[in-house]
Every structure is written in structure tokens, then in C-alpha cells.
Amino acid sequence: MRAILFQFIVKITSWMSLKTAHRWATFTAQMIWRWSEKQRRITTTNIRLCYPQLPAAAQQTLAKDCLIETIKSMFELGKIWQQKPHTKQALINNIHGLDVFKAALNKDQGLLLAAPHFGNWEVLNLWLSQNPGFAFLYKPPTDKKIEALLLKYRGQGGANQITADAKGVRKVFSVLKNKHILAILPDQQPKNGQGMFAPFMGQNAYTMTLFSKIAIKTKVPVVFAVAERLPDGQGFDLHFKAAPAEIYQELKSSVQSVNQIIAEMVAINPSQYQWTYKRFSIQADGSKPYKPTT
């Protein structure tokens with residue numbers, strides 16, 4: 001049923017302009033905010049933890065805006081996936097830090113790209129797919145039918161999709177050895193035993209070590225990138241940022257630098273970060289920040 005609904009949304013939104021899709025997304029998000037206590041709790045908890053300096057009313061407003069932006073990502077899929085890499089300019093307005101991206105590619109060593117959960121990753125995927133051999137690591141959804149749809153739609157641009165498991169990690173090094181681009185979402189919370197705690201937005205966050213381990217082992221250029229949604233259906237801006245030297249140092253320093261750069265990317269537009277995600281569900285003291293209060 002979920003796969004049928006997902007495919008229906010993709011089909012319907014492929015007929016809409018971005019502006020129309022955003023209007024429907026806003027309406028849907030408002031309904032979810034009103035009726036889903038769980039989603040309100042997750043989003044407001046994240047905002048409260050990461051923006052304690054904001055007054056309560058401002059935290060509430062930001063949380064609502066975050067949910068709207070998250071739903072927009074879903075309603076944009078039809079329009080994005082009907083594009084081809086050579087027609088990418090129909091969606092992209094400006095590219096900030098393009099020189100950073102080109103300089104990294106020109107080293108001809110391969111490129112490790114960090115793409116946080118910000119804006120719409122699918123736009124970035126589309127743009128990156130113009131580069132032969134481009135690959136990205138993904139965590140398979142539990143619903144195999146939805147995974148099949150994702151593989152179908154995301155693969156239209158020619159990207160190589162690699163599962164985030166032991167077999168996939170071996171392919172990762174092959175991509176970089178062949179001097180191609182490999183993209184990873186570095187802020188996806190790992191399973192127990194596959195990460196370490198590091199500061200993120202003033203909180204102790206259990207953070208994946210895989211990204212840092214790849215950077216340290218390969219020493220390839222590392223770039224951070226996001227696709228920022230523009231207002232009124234005007235498309236997207238891409239932002240590229242070079243990684244600091246700490247990314248190649250010992251593991252703890254590398255992981256901390258990853259979280260620091262992600263925080264800097266979030267600051268571009270805080271409402272477009274995926275605060276609907278349980279980023280802090282694993283805590284060293286065993287506490288449960290998202291647990292309902294009674």
C-alpha cells in the first residue's frame with residue numbers, strides 16, 4: 001500500500017509546477033502538524049535541543065516550517081525525476097562554490113562528497129549524474145517495493161546506487177580508485193557499534209564513522225554539498241564547501257569536523273534541514289529524548 005501511495009504521489013506531482021507542488025505540500029504538512037503528535041514531538045524536540053536560544057514561539061514556528069520543507073521534498077519528486085541530467089538547468093538557478101567542486105575534480109583523484117539531509121538531495125543527485133561513474137551510498141528502505149521504485153527513478157540519470165552494507169563498502173573503494181565521485185549522506189544515524197559520539201549543534205550526536213574512515217584511508221578530495229530550495233517554486237541553488245584538513249586526521253577529529261561542516265551547511269537555511277528525523281535517538285546515558293511525556 002505504501003508503495004502504491006508513493007508511486008501515486010510521484011505520478012501526480014510530475015504534472016505539477018514546483019510552485020503548485022509546494023502549495024499542496026504546505027497544506028499536507030499543516031494537516032500532519034495538526035493530527036500527528038509524534039511528528040510534532042520529534043521536530044520540536046530537535047529544534048528545542050539545537051536552538052535553545054530561540055524563544056518558545058520562534059522554536060514552534062521553525063518546527064512547523066521544517067515539516068513543511070520536508071513534505072515539499074516529497075512533493076518535488078515527480079518534477080525532479082522527470083528531468084534528465086542534460087536538462088538540469090530547468091531546476092537549478094545558481095551554484096555557489098562551483099570553483100571548489102571543479103578544483104576537487106581537477107585533481108583527478110576521485111571525489112568523496114558529503115550530502116547532508118538538507119533541501120532536496122534528489123536535485124543534487126540529478127546534477128551529479130552528469131559525471132560518468134557517479135555513485136552514491138544508500139540505506140535500503142524496509143519496503144522492498146519502495147526500494148525498487150527508488151532504484152528505478154534514481155537510476156534514470158545513470159547513477160550507480162550502492163547499498164550501505166559490507167558488500168557495498170567494498171564497491172565504494174572501487175569507485176574512488178577509478179577516480180569517480182562517491183556521495184554519502186554523512187548525518188544518517190548509524191547502528192550501534194558503527195559510529196561514535198561527537199558534538200552536533202550543541203548536542204552529543206551518535207555519528208557515523210564510515211565517511212571519515214573512507215576519507216582518512218583514501219585521502220581523496222572531500223567536498224560538502226546541498227541543494228537549497230528557493231521560494232515560490234523558483235528552483236534550487238547548489239552549495240559546495242571544501243572540507244577542512246581535519247577530515248584526514250585521526251578518527252575523532254575527522255568525525256567532529258564532519259558534524260561542524262554539516263552545521264555550517266544547515267545555517268544556510270535551518271528550516272530546510274531534516275529535523276523530522278530522530279537524529280539524537282541514541283544517547284550515551286541511555287536517555288530517550290523523543291519519548292512522549294506523560
Side-chain angles (χ1 to χ4, degrees), residues 36 38-52 62-63 66-67 69-71 73-74 112-122 124-125 136-143 146-147 150 161-169 172 182-216 222 224-226 243 247 251-267 270-292:
S36 176
K38 178 181 178 181
Q39 200 58 73
R40 289 197 309 272
R41 173 166 33 88
I42 293 171
T43 309
T44 54
T45 296
N46 283 330
I47 296 302
R48 175 176 51 79
L49 291 173
C50 295
Y51 295 93
L62 180 55
C66 290
L67 182 58
E69 295 300 318
T70 297
I71 301 302
S73 296
M74 182 181 296
L112 180 59
L113 189 138
H117 288 82
F118 177 101
N120 198 317
W121 146 252
E122 302 299 338
L124 190 60
N125 173 30
F136 63 85
L137 204 65
Y138 78 97
K139 181 180 179 181
T142 54
D143 190 320
I146 290 182
E147 182 181 12
L150 290 173
Q161 304 174 68
I162 303 173
T163 53
D165 52 26
K167 184 178 179 180
V169 171
V172 158
L182 173 72
I184 297 178
L185 279 68
D187 52 347
Q188 188 160 297
Q189 185 172 257
K191 296 178 181 178
N192 269 312
Q194 297 180 1
M196 66 168 53
F197 288 98
F200 175 65
M201 303 286 289
Q203 300 300 311
N204 207 21
Y206 194 63
T207 306
M208 75 157 62
T209 55
L210 176 62
F211 187 88
S212 291
K213 286 179 177 178
I214 295 172
I216 293 169
V222 177
F224 286 72
V226 295
I247 202 82
L251 190 58
K252 184 177 180 180
S253 294
S254 180
V255 172
Q256 289 177 345
S257 69
V258 168
N259 278 353
Q260 176 57 40
I261 299 300
I262 293 173
E264 293 175 11
M265 303 300 272
V266 171
S271 68
Q272 291 194 26
Y273 190 61
Q274 194 175 336
W275 295 114
T276 55
Y277 180 63
K278 293 183 179 180
R279 184 67 180 86
F280 309 109
S281 61
I282 298 177
Q283 293 293 309
D285 60 3
S287 60
K288 305 293 182 182
Y290 303 104
K291 185 177 180 180

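Atom CZ of Phe197 is separated from atom CD of Gln283 by 6.0 Å, given to the nearest 0.5 angstrom. Distance check, rounded to the nearest 0.5 Å: CG of Leu62 to OG of Ser271 gives 6.5 Å. Rounding to the nearest 0.5 Å places SG of Cys66 at 13.0 Å from CD1 of Ile42. In this structure, NZ in Lys191 is found 11.0 Å from CD1 in Ile282, a value given to the nearest 0.5 Å. With rounding to the nearest 0.5 Å, the separation of CG in Leu137 from CG in Leu112 is 10.0 Å. The OG1 atom of Thr43 sits 5.5 Å away from the CG atom of Leu67 when rounded to the nearest 0.5 Å.
For the pair Ile262 and Pro186, the minimum side-chain heavy-atom distance is below 4.5 Å. Taking 4.5 Å as the limit, every side-chain heavy atom of Phe280 sits out of range of all side-chain heavy atoms of Tyr206. A 4.5 Å side-chain heavy-atom check between Leu182 and Leu113 finds every atom pair outside the cut-off. Residues Ile184 and Met208 are in side-chain contact: their nearest non-hydrogen atoms beyond the backbone lie under 4.5 Å apart. By the 4.5 Å heavy-atom criterion applied to side chains, Gln274 and Phe118 are not counted as neighbours. Using a 4.5 Å cut-off on side-chain heavy atoms (C-beta onward), Pro190 and Leu210 make no contact. Looking at Asp187 and Arg279, their side chains come closer than 4.5 Å, going by heavy atoms from C-beta outward. Using a 4.5 Å cut-off on side-chain heavy atoms (C-beta onward), Tyr277 and Gln189 make contact.
A donor-acceptor pair is defined here as one N or O able to donate and one able to accept, closer than 3.5 Å; such a pair exists between the side chain of Gln203 and the backbone of Leu49. Here the side chain of Ser212 pairs no donor or acceptor atom with the backbone of Thr209 at under 3.5 angstrom.
With a 6.0 Å cutoff to the six-membered ring centre and a 45° limit on the axis angle, Arg41 does not count as a cation-pi contact of Tyr290.
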Assess the residue pair Phe136 and Asn125 against the criterion (side chain to side chain contact (heavy atoms under 4.5 Å, CB included)); give the C-alpha distance rounded to whole Å, side-chain angles, the decisive distance to 0.1 Å, and a yes or no.
CA-CA 8 Å; Phe136 63 85; Asn125 173 30; 3.6 Å; yes

Side chain to side chain contact (heavy atoms under 4.5 Å, CB included) between Val172 and Ile214: does it pass, once the steps are laid out?
CA-CA 9 Å; Val172 158; Ile214 295 172; 3.6 Å; yes

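For Gln260 and Glu264, the side-chain atoms include at least one donor-acceptor pair closer than 3.5 Å. Side-chain contact, Gln39 with Thr276: no donor N or O sits under 3.5 Å from an acceptor N or O. Between Tyr138 and Glu147, the side chains place a donor N or O and an acceptor N or O closer than 3.5 Å (distance only, hydrogens not considered).
With Ile247 as the partner, the side chain to side chain contact (heavy atoms under 4.5 Å, CB included) test is satisfied by one option alone out of Ile261, Val258, Val255: Val258.
Using cut-offs of 30° and 60° on the angle between ring planes, the pair Phe224 and Phe211 is tilted. Ring geometry for Tyr51 against Trp275 counts as perpendicular: the plane angle is over 60°, on a 0 to 90° scale with 30° as the lower cut.
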